[in-house]
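Encoded as structure tokens, the structure appears first; notes follow it.
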Amino acid sequence: MELPKQYDSEEAEKRWQAFWEKENVYAFDPDAKAEIFSVDTPPPTVSGKMHLGHALSYAQQDFMVRFQRMLGKNVFFPFGTDDNGLATERLIEKLKNVKSKSMERKAFVKLCLDTLEKELRPTYIQDWKRIGMSCDFSLYYSTINEHCQRISQRSFIQLYKAGREYRKEAPVMWCPECQTGISQVECQDKELDSHFNDIVFKVDNKDLIIATTRPELLPACVAVFYHPDDKRYQKYKGKKANVPLFDFEVPILPDERADPEKGTGIAMCCTFGDQTDMEWQKAHNLPIKSALTHDGRMTGIAGKYEGLPLKKARKEIINELKEKGLLVSQKPIKHSVNVHERCGTEIEFIHSKQWFIKYLDLKEEMLKWGEKLNWYPKHMRVRYDHWAKGLQWDWLISRQRYFGVPFPVWYCRKCDEPVLADEKQLPVDPLKDAPPIKKCPKCGHDEFIPEKDVLDTWATSSLTPFLAIELVKDKALQKKLFPMSLRPQAHDIITFWLFNTVVKSQLHHKTNPWKDVAISGFVLDPHGKKMSKSKGNVIEPQEVTRKFSADALRFWAAGSKLGEDMPYQEKDVLTGKKFITKLWNASKFAFMHLADYKGEKPKKLEIVDRWMLSGLGDIIREATESFKVYEFSRTKAETENFFWHLFCDNYLEIVKDRLYNPEKRGREAKLSAQYTLYHSLLAILKLLAPILPYITEEIYHSYYAGKEKAKSIHVSAWPQPFKSDEDAEAAGNLVVYAVEAARRAKSEKNVSLKTPLKSLSLRGKIPKEEFEAVKEDILAATQAEKISYKQLDGKSEADFEHDLEI
RNA sequence: GGGCCUGUGGUCUAGUGGCUAUGACACCGCCUCGACACGGCGGAGAUCACCAGUUCGAACCUGGUCAGGCCCACCA
């Protein structure tokens, strides 16, 4: 069979994608006996479009999974979308031009669900299919669907019963813009301009200057602190300071957390300006004064400033201090503050009632859990360890938002006792559904108030192994799928997703959720800078695919190692495209010469053919070892190099004579070449199949499919290495040496490669008989008219020598 | 402030103790040779960031310096 002259990647990729879906090529087989390889695929957040970072990370996962499938494992590779939570809320608000807080919760949730279902998800998932993800897309979950709500709520109930969850009135990190509590992991640093304001407090009517960046918190001031060793301030011990403008007294106390070097060395404590304020409040049992409302305005304690937004209040309070001569100086500073990662708003600490998962007591265990995982690359574990060590808060899991998994909880109207849903009634929405009992077990009251908060989105997405596994109904099979084999993901969410998934799995099952974790890197712009919309250096994968094909994009993605960030260079994708063309053309050549090949094995293989198979065997061995430890970039680089330079440039050139001229070289010599061509090209295609699924499938089907058993190259067996053949390697190397010498000489003379050599004399270490066996191949490949050979003795430094004449 | 990673021809990159340091792109010269000009052949181009050490031998190991990136902490 002959291949068309050109490969139309766009048409072919669409065709194969449809074929894989129709034939269920990647379907998980619940009945198969083979070893299971289960993957905890990252569910991308539905945000409209896949970006290039996704393309890199998901392509890399797919290489690893496709390899495992070809090893013969029963692959469980589900696909989910993470479409619950604030990210989706904000997207819908933008798309539909609405404000969730000014809508009925029910109406807003419906709008989100409808928009996801009809507009976003179908095209979004298509982006993943397009880059060739070999997921079983029938194993699909959406983190907001009933299946996931049920599992998420069940997790809440179980952890509550296990004593791991509590509800408490406490200061929490709060986003005044999104008006919800948030957890440590959702904070980000941001450099902002601010001022150090030196403000006059009065002690016994004398001035005490205190520096602060947050004068608007003066009404919430509860104490003033100095360092116990600070001689300047020791005299104030036991005295009280009068707070300017608001005219009330607070104690002056010593505490080691006060830094003598900072500001004036004496600090005011307001409940709550920052983390230290909270520690002080606790340590010295100070009163709590709330200065801010949930939407970031001043409370009643601010007197005439009540109701003003924080920033405005700050400005006006500074003005009043100035007018009254209570502001000694104002220094501009730059400092980093915590902002909410979703909206960039400065975080406040606000006192409110929230649900937490208790886990600060587990820090030691957390480190052990991390140690038990196989990290690829190893050093990524450090990020996990740091995070665990640096935890300061229990996990705040309640969010005062609309679009999320509801808490399966009601409270007794009289005594506030929480009443949890029955596992059988899940999923529940307390706003619609009734609690499972009629009377409060504690006080006997019969009225209940539904919890209207929703769960943190990570409280659900940290359950992805179960969200995926429970798509399979057979309980025995579920057990076999867990712990999962592999968690692939990018390094930015180690502290979010990876960490929380480990925690949940350990809390529920006392075991890690997976054996291996593979962390991929980030895509940077061509100069190594982060891609961002504001810099205008964003590249869209859809555009790359359109221009160069999905295979070319994957070729690029296979160029970086796990964990390694990679600058995006269009030329690398172009190289991929050229590689695909080369593969096409070489296959076209091979099939032209294999048209009359019936699959028979020659009685004896020519040395050059043995050399080819032996060399390919080495590559197969190396590629297999690399792939097993997820080093697909090595496999790719080695196979690429072998295919292009050894297979195409040398081997194909050398065997042309035998293939084209059987009358001159003999039927057996041709058959030997055909046999070698058939098997080596097939092996090369298989080595490349995980990386370039489309072109390899196209080539496989145009010739091999009818002869080999597999319905797709992607479910065919990974190639077995051919056996090493050192004698053939030595002789083959002589042929390559001769060919290269002839080429160099002709190139230096600026003559065509088909120009004959008048004579060629070779010397090498192999015996004369072996030279005789490759003589015809050398003659044909170099176009030499005369050839001679002499064996070098063992002491000679060079392996080969030559003289030639053109 | 702490930690992790990286630093190889113009650009991107392979290479973790031992031949003249890999490949791609770009560059120069040649070649329409019965798969491929998205090609082939050849060429030029690297004090492997810097300094010191270990070693018979270092791009690779150790220590330090500098530069870049990321993560975390601080954030009165």
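Residue numbers start from 1 in every chain, and the chains themselves are labelled A, B, ... in the order their sequence lines are given, proteins ahead of strands.
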Over all strands shown, is [X] touching base, sugar-phosphate only, or nothing at heavy-atom distances under 4.0 angstrom?
X	answer
C648(A)	base
F522(A)	nothing
A590(A)	nothing
Q783(A)	nothing
Q184(A)	sugar-phosphate
V337(A)	base
D277(A)	nothing
K746(A)	nothing
T581(A)	base

First encountered from the 5' end of RNA chain B, between R214(A) and V185(A)
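Its nearest nucleotide being more 5', the pick is V185(A).
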
Result for 5'-nearest mapping on RNA chain B, choosing between H379(A) and K582(A), is H379(A)

Relative to each other, are the rings of [X] and [Y] parallel, tilted or perpendicular (30° and 60° limits)?
X	Y	answer
W458(A)	F496(A)	tilted
F627(A)	F632(A)	tilted
Y678(A)	Y703(A)	perpendicular
H491(A)	F522(A)	parallel

Would you mind telling me which of [options] lies closest to the side-chain atoms of [X]?
X	options	answer
A258(A)	A76(B), C4(B), C36(B)	A76(B)
K262(A)	A76(B), C38(B), G29(B)	A76(B)
S752(A)	A76(B), C72(B), C31(B)	C31(B)
R383(A)	C38(B), C71(B), A76(B)	C71(B)

Is [X] salt-bridged to [Y], cutoff N-O under 4.0 Å?
X	Y	answer
E653(A)	R743(A)	no
E346(A)	K190(A)	no
K670(A)	D596(A)	yes
D385(A)	R381(A)	yes
K331(A)	D198(A)	yes
E348(A)	R214(A)	yes

Could you check which nucleotide pairs with [N] in any of the strands shown, counting Watson-Crick or G-U wobble with both distances under 3.5 Å?
N	value
C36(B)	none
C66(B)	G7(B)
G53(B)	C61(B)
A46(B)	none
G29(B)	C41(B)
G17(B)	none

Pairwise [atom1] distance for [N] and [M], with rounding to whole Å:
N	M	atom1	result
U65(B)	C19(B)	P	31 Å
U16(B)	U6(B)	P	12 Å
G57(B)	A21(B)	C1'	16 Å
G29(B)	C71(B)	P	47 Å
G10(B)	A49(B)	P	13 Å
C72(B)	U13(B)	C1'	30 Å
U47(B)	U22(B)	P	15 Å

Testing the basics here: between F555(A) and E640(A), what is the closest heavy-atom pair and its distance to 0.1 Å?
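For F555(A) versus E640(A), the nearest heavy atoms are CZ-OE2, 3.3 Å.
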
Can a side chain N or O of K754(A) be found less than 4.0 Å away from OP1 or OP2 on U32(B)?
no

Pull out every protein N or O sitting under 3.5 Å from an N or O of nucleotides 26-28 of chain B, one pair per line with the distance.
none

Atom pairs, N/O to N/O, protein against nucleotides 7-15 of chain B, distance under 3.5 Å?
residue, atom, partner, partner atom, Å
C12(B), O4', Q569(A), NE2, 3.3
G15(B), OP2, K561(A), NZ, 3.3

Between N585(A) and K582(A), does any side-chain donor sit less than 3.5 Å from a side-chain acceptor?
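No, K582(A) and N585(A) have no side-chain donor paired with an acceptor closer than 3.5 Å.
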
Will you find, in the side chains of Q392(A) and Q275(A), an N or O donor that is under 3.5 Å from an N or O acceptor?
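Side chains of Q392(A) and Q275(A): pair found under 3.5 Å.
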
For nucleotides 41-45 of chain B, which of its nitrogen or oxygen atoms have a protein nitrogen or oxygen under 3.5 Å away, and what is each distance?
residue, atom, partner, partner atom, Å
C41(B), OP1, D649(A), OD2, 3.2
C41(B), O2', R743(A), O, 3.4
C41(B), O2, S747(A), OG, 3.2
G42(B), O4', S747(A), OG, 3.2

Is the number of heavy atoms from other residues, nucleotides or ligands under 6.0 Å of K664(A) NZ greater than 12?
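Correct, the count exceeds 12.
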
